[in-house]
A.B. asks: 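Structure below; questions to follow.
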Amino acid sequence: MRFAVIVFPGSNCDHDCYHAIKHVVGAGVHFVWHKERSLAGADVAVVPGGFSYGDYLRAGAIARFSPVMEAVRRHSAQGRPVLGICNGFQILTEAGLLPGALRRNASLRFICDDVWLRCESSRTPFTQGIEPGQVLKMPIAHGEGNFFCEPEALAELEANGQIVFRYCDPGGQTTRAANLNGSTAHIAGVCNREGNVLGLMPHPERASERDMGSEDGLRLFQSALAVAAS
Amino acid sequence: MSTAAQSRATLETARAPNLTELGVFSAMWNEHCSYKSSRIHLKKFPTKGPRVLQGPGENAGVVDLGGGLAVAFKMESHNHPSFIEPYQGAATGVGGILRDVFTMGARPIALLDSLRFGAVDHDRTPWLAGGVVSGIAGYGNCIGVPTVGGETYFHPCYNENILVNVMCAGTLRADAIFRGTASGLGNPVIYVGAATGRDGIHGASMASAGFDEKALEKRPTVQVGDPFREKLLLEACLELMKKGAVIGIQDMGAAGLTSSSAEMAGRAGTGLILRLDAVPRREEEMTPYELMLSESQERMLLVAQRGREGEVREIFARWDLPMAVVGEVTGDGRLRVESEGGIVADLPVRALTDDAPLYERPLRPERGLPSADPIGTLPEEKDLGPSLLALAAHPNQGLKKPIWRQYDHMVRTNTLTPPGGDAALLRLKGTAKALALTTDGNARYCMLDPYAGGMLAVAEAARNLSCTGALPLAMTNCLNFGNPERPAVMAQFAAAIEGMAEACRALNVPVVSGNVSFYNETQGVDIYPTPVVGMVGLLEEAGRRAGHGLQREGDLLFLLHPAREAPLPPGGAHEYVWVRCGQEGGQPPAISLVAEAAVQALCREGILGGFIRSAHDLSEGGLGMALAESCLASPASRLGARVRLPEGSGRADGRLFGESASRILVSVPPASEGRLREAAERAGVGLAAIGAAAGSALRVDAPDGFPLLDVELSALQAAWCGALDEVFGT
Amino acid sequence: MAKAVVYVTYKRGVLDPQGEAVRGALSSLGFQGVAGVRVGKYIEIELANGRPEEQRAAVEKMCRELLANPVLEDFRIEIAPGPSAPK
Amino acid sequence: MAKAVVYVTYKRGVLDPQGEAVRGALSSLGFQGVAGVRVGKYIEIELANGRPEEQRAAVEKMCRELLANPVLEDFRIEIAPGPSAPK
Ligand SMILES: Nc1ncnc2c1ncn2[C@@H]1O[C@H](COP(=O)(O)OP(=O)(O)O)[C@@H](O)[C@H]1O
Ligand SMILES: [Mg+2]
């Protein structure tokens with residue numbers, strides 16, 4: 001069982017993902033450079049956080065054309081797991097592998113803070129081990145994480161069970177105050193229709209050790225590992 | 001350039017310098033590059049120590065961390081550009097200090113920002129503060145280096161001259177330090193990074209000029225930063241260094257190609273030929289003058305081993321960055337610049353560097369603020385609750401989270417103690433150790449007495465590190481002062497350095513790098529002298545650390561203090577008086593460095609020994625604010641305290657909010673009280689039992705039991721958390 | 001050389017936080033009578049010579065593929081033949 | 001109602017990383033003949049009724065005070081009387 005962590009020149013959470021997967025979860029992991037066209041035999045693709053190619057125009061707008069994204073697209077088309085974290089989520093929406101778009105935060109400011117997430121769906125390989133309704137604590141760190149989709153698209157996401165995480169308070173209530181970036185319907189993470197591709201703005205890799213303030217993020221990686229093993 | 005300097009320039013070359021040469025001279029002899037007014041004073045800093053691997057004079061200082069690991073760090077100012085264009089000024093300041101650190105071969109792991117803005121109600125302050133903070137965020141977040149600490153202070157003396165100081169630390173192998181030297185005859189001089197444009201020509205001179213009303217008219221001396229490009233440059237340079245093809249490397253900062261080439265040759269005692277035709281450029285028809293003096297960002301100059309140009313080219317191509325061989329090392333001690341087949345400059349390197357003018361400017365100490373303590377003008381209140389709330393709600397003492405929440409302070413997953421504590425702590429993966437980092441400075445103390453102020457800044461920085469359990473190792477600084485041509489400013493400068501140097505010796509923290517920023521003045525009015533200290537400490541076992549927050553109901557509270565002094569001396573409640581009536585005066589806190597060292601050592605011993613559970617130093621706002629911060633440190637599980645002030649003389653408010661130095665508030669499990677008492681006894685440190693952690697309110701009584709304040713933590717927290725709303729909005 | 005100018009704005013109905021922030025700032029600076037503000041991107045593209053129809057088609061493609069995100073943005077294109085217009 | 005349109009761009013000579021990034025992306029996407037790209041801001045301001053000269057003066061003030069930083073940026077203003085132009 002191997003994870004591939006995609007590395008764009010402006011990725012900056014690539015090493016954090018690698019560290020969490022290898023040294024905390026204890027799974028196999030390798031980096032894949034953005035100029036590569038194959039994931040080198042990985043079972044799970046992780047598109048990490050950062051600023052892919054600077055992201056000056058729109059986060060992820062340029063990254064979606066990179067050679068490695070062809071490989072990610074193929075991987076996804078085969079129904080295999082893909083996880084996009086933060087910038088990875090932005091890239092996957094730009095690439096059309098996930099629905100919606102990520103606008104600038106409603107405050108227009110970058111926000112780095114802990115948030116709570118309510119798991120809404122166990123259908124993705126990353127949330128199979130997490131009961132719907134469970135609340136996880138993880139940090140966010142982004143300037144453009146304000147999820148947007150049109151009302152019809154939202155209804156479709158609801159109907160298909162594609163909403164995977166919503167921002168909530170520690171008690172699991174989706175309050176306005178808990179929705180730090182102003183996302184449509186408090187959405188923090190969504191999956192594709194098939195459920196194998198998950199994107200979320202919060203950083204599970206930063207919430208994988210007690211020293212970092214939470215271990216809740218580990219469960220996403222462990223869940224993927226368990227699914228692959230079964 | 002002054003006429004005197006000009007004629008000297010003429011003398012050195014035995015002919016009249018041409019325009020390009022004059023530009024080179026004027027940039028190199030500028031205060032910013034030559035340190036002509038400050039050098040004789042900077043010599044007073046202790047710069048050596050068993051752990052110092054590289055002292056001042058390089059792009060950054062380097063200190064040994066043991067186990068083959070070292071840390072490179074430095075702090076730099078970007079005050080003037082940030083006042084003109086706060087976002088880009090601050091952003092490019094971050095870019096510059098990052099390059100200073102990775103030039104040494106270190107991977108940057110942390111940034112800290114020490115900020116001074118004008119009064120909150122000054123009309124430009126919100127725009128400047130908002131722009132500076134988002135500029136630091138914009139650059140640091142993108143490149144993926146966490147901003148883990150800093151300080152922020154508002155005062156009208158900065159209304160027209162803000163201070164933006166940024167510190168960067170990076171880790172490297174102790175045996176793989178790179179330096180900015182151009183050695184080895186015939187070795188190629190290589191330009192890497194962004195192409196050169198006309199931006200920022202004369203930035204170095206701007207940094208050395210005061211502001212007049214025309215400041216806002218100054219033209220593109222401000223550059224736009226490109227953090228993505230910097231990330232590529234960082235990765236490419238570190239990769240290249242690993243290959244071992246690099247002889248010397250330096251970033252092109254102030255005065256760009258001019259200073260990087262002259263300084264590299266100067267350090268090696270060699271010469272250089274630069275061929276300007278090969279310099280990558282992004283604008284047409286640039287003159288040699290412009291090419292030599294441009295301060296375009298994200299560029300580096302390096303000297304490689306002859307014959308290994310191909311490796312350099314290959315690596316930079318992979319990172320999609322321009323690379324060009326622009327010259328070679330020579331043995332004649334001259335900087336020769338060629339353009340379009342002709343020589344456009346030919347100057348002795350020594351005249352530009354070592355032999356640059358040195359001034360011993362006149363000093364005349366002047367008292368900047370009244371010597372009487374203005375607390376006497378304040379009515380004494382029975383209930384000090386409202387005063388504590390007012391202090392907590394003031395932007396200077398309030399929670400700075402609206403600032404550091406904009407900084408990615410967690411990326412790289414090493415941040416054990418995020419911003420908000422006394423010092424940031426970062427674990428060093430692959431070891432058991434953690435690095436502690438802080439910045440500190442108190443301009444008011446320096447205005448009252450620059451010598452004491454300098455000493456106190458060093459002592460507080462070290463104390464902040466000790467409060468986490470870390471041993472202070474070494475420091476950097478940013479010396480922000482007014483116009484050095486005024487003897488009163490020069491006197492402040494000289495005295496502050498002497499005070500700092502004295503404290504460095506007593507506390508065993510050599511100075512390994514630093515930066516001077518003069519001419520922080522507007523229309524003849526200087527800022528308060530503002531030396532800022534950046535300090536690095538080491539915690540051998542990251543697991544044995546403390547924060548400042550109270551941990552458990554029932555834990556006992558003690559004040560560590562110098563043995564021969566009262567736990568809380570009377571007076572000196574500067575920030576409290578300032579918040580209540582806007583007056584300043586009196587004396588800075590008295591300090592005995594021997595006692596300071598003992599207090600800090602005991603605090604570290606207690607943390608490592610596990611008998612101190614939390615530690616917080618007393619600074620602005622005294623014991624009152626320290627208690628408030630310790631109660632609120634963990635918003636989710638805030639914990640109150642019940643305190644009785646120790647016996648002493650003077651007004652109760654003056655003692656509660658007094659800013660006495662060398663004091664640390666600690667919380668201790670009841671079972672450990674004996675161990676703490678024994679250790680304090682042995683160390684000769686004073687120990688005052690002042691109460692216990694309890695309940696959901698902060699209650700402080702006078703020594704006789706008379707209640708001084710009783711404030712619900714919810715109210716305190718609301719005041720404290722909203723303190724910056726006026727500046728940053730809600 | 002010709003110049004294409006592309007305007008990228010949020011779709012009607014998508015809240016524009018930047019525009020709102022500017023409106024708020026203008027009113028707190030004392031500017032009255034500002035009913036609404038929208039902030040978008042303005043992109044100038046210098047194009048080598050070519051036929052205007054082809055240029056427009058190329059710029060439209062750039063917009064669809066890169067310059068605008070169709071989920072939330074609209075775009076508008078203007079082509080201005082530059083001084084050395086197609087012969 | 002009238003509408004003012006403001007264009008804010010970096011001054012000539014100032015590095016425009018956003019424009020550079022777009023240019024690079026366009027060329028790697030295979031668009032040929034793109035000689036340069038500059039990215040700026042496009043701001044639409046709806047103004048209450050008033051005399052055009054006054055409106056222009058007000059918008060100029062907005063630009064100088066808030067919308068652009070003259071140290072780094074240039075601005076250009078267009079005023080288009082809207083459907084319900086001043087009576
Ligand atoms: N500009 C800033 N950037 C990052 N962190 C900051 C900033 N300003 C304040 N902080 C954080 O808030 C903490 C408390 O601030 P302050 O009370 O001013 O510090 P000190 O402990 O030096 O008195 C700092 O130690 C730092 O961690
Ligand atoms: Mg402190």
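A note on names: the letters A, B, ... follow the listed sequences, proteins ahead of strands, and every chain is numbered from 1.
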A.B. asks: Output the option from B:Gly144, B:Cys142, B:Ala542 having the highest count of non-hydrogen pairs under 4.5 Å with chain A.
C.D. replies: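 Highest number of heavy-atom pairs under 4.5 Å: B:Cys142.
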A.B. asks: Is there a side-chain contact (heavy atoms from CB on, under 4.5 Å) between A:His203 and B:Val411 once you walk through the steps?
C.D. replies: CA-CA 10 Å; A:His203 287 274; B:Val411 61; over 6 Å; no
A.B. asks: Mind ranking B:Asp226, B:Val145, B:Ile143 by heavy-atom pairs under 4.5 Å with chain A and telling me who comes out on top?
C.D. replies: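 Most heavy-atom pairs within the cutoff with chain A belong to B:Asp226.
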A.B. asks: SG/A:Cys13 to CG/B:Asp408 distance, rounded to the nearest 0.5 angstrom?
C.D. replies: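 Between A:Cys13 SG and B:Asp408 CG, I get 6.5 Å after rounding to 0.5 Å.
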A.B. asks: Give the C-alpha distance, both sets of side-chain angles, the deciding distance and a yes or no for side-chain contact (heavy atoms from CB on, under 4.5 Å) between B:Arg427 and A:Met212.
C.D. replies: CA-CA 10 Å; B:Arg427 66 177 174 183; A:Met212 296 294 111; 3.8 Å; yes
A.B. asks: Find the distance between CG (A:Asp211) and CG (B:Asn414) and round it off to the nearest 0.5 Å.
C.D. replies: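 One gets 10.5 Å once the value is rounded to the nearest 0.5 Å.
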A.B. asks: Non-hydrogen atoms of chain B under 4.5 Å away: do they reach the side chain of A:Ser11, the backbone, both or neither?
C.D. replies: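 For A:Ser11, the backbone is the part near chain B, not the side chain.
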A.B. asks: How long is the span from the OH atom in A:Tyr53 to the CG atom in B:Leu232, to the nearest 0.5 Å?
C.D. replies: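 Reported to 0.5 Å precision, the distance equals 10.5 Å.
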A.B. asks: Tell me which of these, B:Met410, B:Arg405, B:Lys401, has more heavy-atom pairs under 4.5 Å with chain A than the rest.
C.D. replies: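 Of the options given, most contacts go to B:Arg405.
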A.B. asks: Which atoms of A:Glu205 are under 4.5 Å from chain B, going by heavy atoms: the side chain, the backbone, both sets, or neither?
C.D. replies: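 Contact with chain B is through the backbone of A:Glu205 alone.
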A.B. asks: Could you walk me through whether A:Cys112 and B:Gln406 pass the side-chain contact (heavy atoms from CB on, under 4.5 Å) check?
C.D. replies: CA-CA 6 Å; A:Cys112 179; B:Gln406 294 186 54; over 6 Å; no
A.B. asks: Where does A:Ser52 contact chain B at under 4.5 Å (heavy atoms): side chain, backbone, both or neither?
C.D. replies: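 For A:Ser52, backbone heavy atoms alone lie under 4.5 Å from chain B.
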A.B. asks: Within the structure provided, determine whether A:Phe51 and B:Lys231 are in side-chain contact (heavy-atom separation under 4.5 Å).
C.D. replies: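 No, every pair of side-chain atoms sits at 4.5 Å or beyond.
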A.B. asks: So does A:Asp14 pair up with B:Arg412, basic N to acidic O under 4.0 Å?
C.D. replies: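 No salt bridge links A:Asp14 with B:Arg412.
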A.B. asks: Do any of residues 124-146 of chain A come closer than 4.5 Å to chain B, heavy atom to heavy atom, and if so which ones, in number order?
C.D. replies: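 Within residues 124-146 of chain A, near chain B: A:Pro139, A:Ala141.
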A.B. asks: So does B:Phe228 get a backbone contact from the side chain of A:Tyr56, meaning a donor-acceptor N/O pair under 3.5 Å?
C.D. replies: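 Judged by distance alone, yes, a pair lies under 3.5 Å.
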A.B. asks: Output yes when a side-chain donor or acceptor of A:Lys35 lies under 3.5 Å from a complementary backbone atom of B:Arg318, and no otherwise.
C.D. replies: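 Checked: pair present.
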A.B. asks: Please identify, among A:His23, A:His15, A:His19, the residue contributing the most non-hydrogen atom pairs under 4.5 Å to chain B.
C.D. replies: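 Highest number of pairs under 4.5 Å: A:His19.
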A.B. asks: Could you tell me which portion of B:Ser134 (side chain, backbone, both or neither) has an atom closer than 4.5 angstrom to a non-hydrogen atom of chain A?
C.D. replies: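 Neither part.
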A.B. asks: I'd like to know if the side chain of A:Asn12 and the backbone of B:Asn141 have a donor-acceptor N/O pair within less than 3.5 Å.
C.D. replies: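 Yes; at least one donor-acceptor contact below 3.5 Å.
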A.B. asks: Pull out the residues in residues 170-181 of chain A that come under 4.5 Å of chain B, heavy atom to heavy atom, sorted by number.
C.D. replies: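 Under the 4.5 Å heavy-atom cut-off, A:Leu180 qualify.
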